[in-house]
Amino acid sequence: MKLKIITGIIIFLSISLSVLLFIEEEEVIKIIVSPKIYSIMKSSDTEKIKITVLVNDSNSYYFNKEYISNINLSSTNDDLIPLIVDNIDKSNDYYPYKNDIYYYITFNLDVAFQSDYYHIELKEAYLNISYSNAKEIKLFIGEFNYHFNEFENVDFSINNLLCTHAEVNGIDTTTGLFLSLGNLTNNNITINSIDLGTKNVFANNFYLREVFSEVSLSSFPNNILNIDYYDFDKYSDYETSILLRKNNEIMLYVPFSYIGEIPYLHRFYIKVNYTINSNEEVFILDDFPYINTSNYKIELEGDYVYYEFEN
Amino acid sequence: MKKIVMICLLVFLSSFFYQSIHASDYLTYQDITFEIDGATLLEDYSNADYDKYYDRLKKRRFWGWLTTTAYENEKAYFTKETLYIIENRGDSAIIETFSFKSEETVKKQYSVTGTLGMEASGKEYGFKLGLEEQLKYSITATKTTTVEEKFEIKVYVDPMTKLVVKIEGEGKVSSGVAKYYRFFKNVKKGGWEIFVVTTEYYILVKDRLDET
């Protein structure tokens, strides 16, 4: 009887070991990045920089915070922004791509220094991660803009805010900004221009106009501006002068120009450049999710960057 | 005789509850309209619709699901309820920082009717008994993300005004009916629907408060 039990245990262990030997570990880690425009104004300490990638094996040590020894952002100009990993989110949702299944991994990050007023601008940003086993990865994430701003502007109130949207070159994206500003001061203000927190997409200030009726999400720039045709590919630097009288309100619209490599813009901060009492000032409006959608979808697959790393 | 009347009454009443819907929160959206004419949400299926779709499932199975799809990834537009409101009933402007999370919106949502069931697994909802795995790949393949994102923005609110964040969006709707068999016996049947929010558009609007 004992012999039978021992034989049984040996057979069971042999089968278990054989099965374990045949379970193949992923040979390579595949990572897909959809480059996007990061345009963030730091408005609180709880706000994180979220960088989402697709991976074939989310359980790999590459996505384990404990194995990360160093993480930073770099650019082609030798800029280096040190980061801190707050945590790494792993989603059960999958994304099928070219006969493989990929899972969403999100790095929740902080910039590793503080500032009252500082601007980070990386037109081509790379996420660099070093691991405790001396391995390293470098991922192109798109454009990265991060603005520290503790200064509170009390000259303006925001009354309405939205972006018109449409397909530009086949991708649904913001096409222009509509905002209604209130002058909270006892002085006249001159609005000179509006800048977006990105170098891939520009506010076309040649067409910055005061408008006299509210704009809807699906309005087209040419209809709002009363022109025959609006060309998203053209841009020229321009300043205007739009008067906003004291204690008054104004509705403005400015269309966008897509002149960079990244063909869409969803969430971003803006700068309103204005003159008050002969002083040039800037009003910075926090980043707002004008469009909330995934940057992993069929129409963006042509711009995906694919990486393989040894496991 | 009384018993017969009571039984008939109960059967009659139960027919009203038969197609009661169990759904995620998308059915609370203020408005959902389809791009194509004639498409409807599961909650608007008529009895004739159910009869028509059940007719497609006449075969029996020893065990498992029989399903049919009435609408496959139909584009829909929606308006959600107001997300956030700041009211200032004072007599001076206030500075507010407001924040909101968008994690539960860009994802798949489900609803069922009849005797089909839904279940929760962690934070995720889905159909019971593996119904989703039986549906077409194009319906079940999720190409959206459920990544949590917290947005924070500082705003100035004038006296006697309120700031409102409204959301409009686009999604894809798939729906149909299904029957579940055990030992050739149909033990569950009803309608199913998957609503995938693909894009949301956020709008900040300031309205004046009623002074009365």
Side-chain angles (χ1 to χ4, degrees), chain A residues 41-44 46-48 50 52 54 89 91-97 101 104-106 108 149 152-165 172 174 178-182 184 214 216-218 249 266-267 269 284-298 301, chain B residues 77 79 83 88 92-103 105-108 121-124 126 137-138 140-159 161 163-171 196-208:
Chain A
M41 193 185 100
K42 186 179 186 326
S43 50
S44 84
T46 58
E47 210 173 17
K48 302 294 170 201
K50 290 172 178 287
T52 299
L54 298 175
D89 285 335
S91 169
N92 290 327
D93 279 348
Y94 61 88
Y95 183 98
Y97 180 69
I101 295 294
Y104 296 93
I105 290 284
T106 300
N108 294 292
N149 184 31
E152 284 184 353
N153 184 305
V154 289
D155 292 344
F156 290 105
S157 66
I158 286 283
N159 301 332
N160 287 79
L161 179 68
L162 66 83
C163 271
T164 53
H165 75 98
D172 183 28
T174 50
F178 169 69
L179 81 164
S180 171
L181 291 173
L184 298 177
E214 288 190 8
S216 75
L217 282 170
S218 53
E249 288 186 19
H266 292 159
R267 175 191 175 192
Y269 65 85
I284 301 174
L285 182 63
D286 207 345
D287 50 290
F288 189 74
Y290 300 98
I291 297 180
N292 182 28
T293 186
S294 173
N295 58 323
Y296 291 93
K297 48 187 175 184
I298 292 166
E301 286 182 355
Chain B
Y77 304 95
T79 305
L83 184 70
N88 182 5
S92 58
I94 57 170
I95 301 168
E96 278 269 357
T97 299
F98 74 87
S99 64
F100 50 92
K101 280 185 177 179
S102 65
E103 81 280 17
T105 49
V106 185
K107 62 186 283 189
K108 281 195 282 191
S121 167
K123 285 199 293 184
E124 307 292 321
Y137 184 72
S138 61
T140 59
T142 310
K143 291 229 170 190
T144 56
T145 174
T146 55
V147 171
E148 286 190 7
E149 210 157 350
K150 188 177 181 185
F151 302 103
E152 294 192 351
I153 188 166
K154 274 181 190 150
V155 289
Y156 299 85
V157 190
D158 299 328
T161 61
L163 263 178
V164 177
V165 176
K166 293 178 179 170
I167 302 175
E168 294 182 15
E170 292 174 8
V196 181
V197 174
T198 53
T199 310
E200 294 174 330
Y201 306 98
Y202 287 72
I203 308 162
L204 188 71
V205 186
K206 186 181 285 185
D207 292 327
R208 293 218 72 79

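The contact between A:Leu217 and chain B is made entirely by side chain atoms (from C-beta outward), counting heavy-atom distances below 4.5 Å. At a 4.5 Å heavy-atom cutoff, the contact between A:His165 and chain B is made by side-chain atoms alone. With a 4.5 Å cut-off on non-hydrogen atoms, A:Phe156 touches chain B through its backbone but not through its side chain. Residue contact with chain B, scored on non-hydrogen atoms closer than 4.5 Å, is absent for A:Leu179.
A donor-acceptor pair under 3.5 Å is formed between the side chain of A:Tyr296 and the backbone N or O of A:Thr52.
Applying the side chain to side chain donor-acceptor pair (under 3.5 Å) test to B:Asn88 and every residue at least two apart in sequence or in another chain returns nothing.
Using cut-offs of 30° and 60° for the angle between ring planes, the A:Tyr97 and A:Tyr95 rings count as tilted.
Side-chain N/O atoms of A:Asn108 and A:Thr106 include no donor and acceptor closer than 3.5 Å.
The choice from A:Asn159, A:Leu162, A:Val154 that makes the most heavy-atom pairs within less than 4.5 Å of chain B is A:Asn159.
Residues B:Tyr202 and B:Val165 meet the side-chain proximity criterion, which asks for heavy atoms closer than 4.5 Å.
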